[in-house]
Amino acid sequence: MTLIESVSLRRVLDSRGNPTVEADVLTQSGGFGRAAAPSGASTGEYEAIELPPKEAIARAREHAVPRLVGSVHAGNQRDVDAALHAADGTEDFSEIGANSAVAISMAASKAGADVLGAPLFQHLGGTFRDADRSFPVPLGNVVGGGEHAADATHIQEFLSAPVGAPSVAEAVFANADVHAAVADILDDRGVAAAKGDEGAWAPAVSDAEAFEIVDEATSRVEDALGFGIRFGLDVAASELYDADAGVYRYGDTERTSAEQVEYMAELVDEYDLAYVEDPLDEDDYDGFADLTDRVGDRTLICGDDLFVTNVERLSRGIDEGAANSILIKPNQIGTLSDAFDAVELAQRNGLDAVVSHRSGETEDTTIAHLAVATDASYIKTGTVGGERTAKLNELIRIAEEAV
Ligand SMILES: C=C(OP(=O)(O)O)C(=O)O
Ligand SMILES: [Mg+2]
């Protein structure tokens, strides 16, 4: 029923104004799915390879499309993704591009769901995945810098975490309130701020001042709404790490790995952080393990560039106790099947899954369904801006069974 009849690929714009790959998958029974690849700026060294979109499209047309059309059922995601791997033939999708692979993988999942007449989260998560049962808490980027904005904070993302919200909709609106509260506080302090790539405020303030501002903004909104709002970070520490000197550079301040662990542990306690992503360099399993040992009972230590949604890197992390959660970005690994494998391995070993957008995004909503399908604890998908609200509004619809 879901036999693939055609796969079309084109270039469309992403939120940074760069071209990216969009795929349409059509089945013989008329099922249709469309999806677009996102794109990172602070990409991990071990991610699958994104090719220039024109090249990725040409190579996927030559190698992948002929293997899919008339041979593979869109409803069988494992077969779709196995065909993509076979067409590529490398470990890192460097032949057809992880951008083509992930767009086709996600578009096929939507075509499969369309034929079945099921919402995507249910097609991916199974009929017993009840959207009423639990919901991912949206992590909202409210202040940021790093690779996402010039002349702003060294830490890449300050993330509002409305952990006490009674519903996903209230959590989404709370993050927007925190974003607005940050604007008010910046205004009071006479600090002008543009927005970074993900829609977070990108003021030219020190990291210490950003902590004060976000702490105050989350407290204000917590008091106004009456439920718990904590905050967290994506340090994106690989971008701060100078491997030759063996230090993390925050402007003129340098920290050794041991000092970085100490600094992160102090921040967790001072600000009661709910979440700390990539606190150390992507090769520093030991530093991650030290920090997880020290504060992992009271916060999530999450591996993004450390794990790159890759089961081999995750297995090592599990063996070494390097984190207690994993960031899941389908384009880091190239297919939904690989992303699911990473979630399953993590959850079987007691790690939380956090499904995430990229800094370059489109209006695609697949990750909202992926987060619900996998029962992820958190979803990181920004706070404002059309490509971010597309996912947040889809979460609200899923909760209302309006998809
Ligand atoms: C979303 C992120 O940024 P990018 O997409 O630039 O890697 C991140 O680092 O978690
Ligand atoms: Mg990250």
Side-chain angles (χ1 to χ4, degrees), residues 2-10 12 14 20-27 31-40 47-51 53 56-57 59-69 71-116 118 120-121 123-125 308-311 328-344 353 355-358 361-362 364-374 391:
T2 65
L3 194 65
I4 294 176
E5 182 166 286
S6 70
V7 178
S8 315
L9 297 163
R10 68 182 65 82
V12 295
D14 78 6
T20 189
V21 179
E22 181 173 85
D24 288 354
V25 170
L26 186 65
T27 72
F32 177 73
R34 171 173 292 160
S39 177
E47 292 194 19
I49 304 297
E50 176 186 314
L51 293 177
I57 288 171
R59 294 209 197 165
R61 280 186 184 140
E62 186 183 345
H63 300 297
V65 175
R67 281 181 185 262
L68 292 163
V69 172
S71 304
V72 176
H73 288 82
N76 189 335
Q77 195 65 37
R78 292 267 175 208
D79 282 359
V80 170
D81 294 339
L84 290 169
H85 275 293
D88 179 79
T90 71
E91 290 284 297
D92 56 6
F93 276 114
S94 49
E95 187 58 35
I96 65 168
N99 37 350
S100 275
V102 82
I104 295 171
S105 179
M106 297 193 304
S109 75
K110 292 184 187 177
D114 190 30
V115 175
L116 299 171
L120 181 59
F121 77 84
H123 172 47
L124 294 174
V308 291
T309 318
N310 178 311
V311 290
I328 299 294
K329 292 168 166 171
N331 82 318
Q332 277 183 330
I333 194 70
T335 73
L336 285 178
S337 297
D338 291 291
F340 261 80
D341 288 345
V343 173
E344 277 170 13
V355 172
S356 174
H357 66 166
R358 301 306 305 250
E361 267 294 341
T362 69
D364 192 280
T365 61
T366 308
I367 60 164
H369 289 267
L370 180 62
V372 175
T374 56
K391 283 85 165 158

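Atoms considered below: every heavy atom in the structure, side chains included; atoms not considered: hydrogens, waters and symmetry mates.
- Interatomic distance, CG of Leu120 versus OG of Ser109, reported as 4.5 Å (0.5 Å rounding).
- The distance from the CG atom of Asn76 to the CG atom of Leu3 is 11.5 Å, given to the nearest 0.5 Å.
- Contact of the Ser39 side chain with the Asn99 side chain is not registered, since no non-hydrogen atoms from C-beta on lie closer than 4.5 Å.
- Put simply, the side chain of Arg59 does not reach to within 4.5 Å of the side chain of Ser100, judged on heavy atoms.
- Residues Pro330 and Ala339 approach most closely at CA-CB, 4.4 Å, considering heavy atoms.
- Between Thr335 and Ser105, the shortest heavy-atom contact is CA-OG, 3.7 Å.
- Under the 3.5 Å distance criterion, the side-chain polar atoms of Asp92 are left unmatched by any main-chain donor or acceptor of Ile49.
- Under the side-chain hydrogen bond (donor to acceptor under 3.5 Å, both in side chains) criterion, Asn310 pairs with no residue, sequence neighbours left out.
- Looking only at distances, no side-chain donor or acceptor of Arg10 sits under 3.5 Å from a matching main-chain atom of Glu22.
- Taking both residues in full, the closest heavy atoms of His369 and Phe121 are given as ND1-N, 3.0 Å, listed atom of the first, atom of the second, then distance.
- Scanning both residues, Ala37 and Val102, for their nearest heavy atoms gives CB-CG1, 3.7 Å.
- The line from CG of Asp114 to OG1 of Thr2 is 11.0 Å long, rounded to the nearest 0.5 Å.
- Contact detail for Val25 and Ala111: the closest heavy-atom pair is O-CB, 3.7 Å.
- Taking CZ of Arg67 as the start and CG of Asp79 as the end, the distance is 13.0 Å to the nearest 0.5 Å.
- Side-chain contact between Leu84 and Ile104 is present, with at least one heavy-atom pair separated by less than 4.5 Å.
- Note that the CZ atom of Arg34 and the OG1 atom of Thr366 stand 12.5 Å from one another [nearest 0.5 Å].
- Annotation: side chain of Leu370 is in contact with side chain of Phe340 (closest heavy-atom distance under 4.5 Å).
- Ionic pairing of Glu47 and Arg358 is present here: one or more N-O contacts between side-chain nitrogen and carboxylate oxygen are shorter than 4.0 angstrom.
- Sorted by first and then second residue, the salt bridge (charged side-chain N to carboxylate O under 4.0 Å, His left out) pairs involving residues 96-111 (not counting sequence neighbours) are Lys110-Asp364.
- No hydrogens or angles considered: nothing links the side chains of Asp14 and Thr20 as a donor-acceptor pair under 3.5 Å.
- Counting all heavy atoms, side chain and backbone alike, Gly97 lies closest to Leu51 at N-CD1, 3.5 Å.
- Within the structure, salt bridge (charged side-chain N to carboxylate O under 4.0 Å, His left out) contacts touching residues 330-343 (residues at least two apart or in different chains) are Arg78-Asp341.
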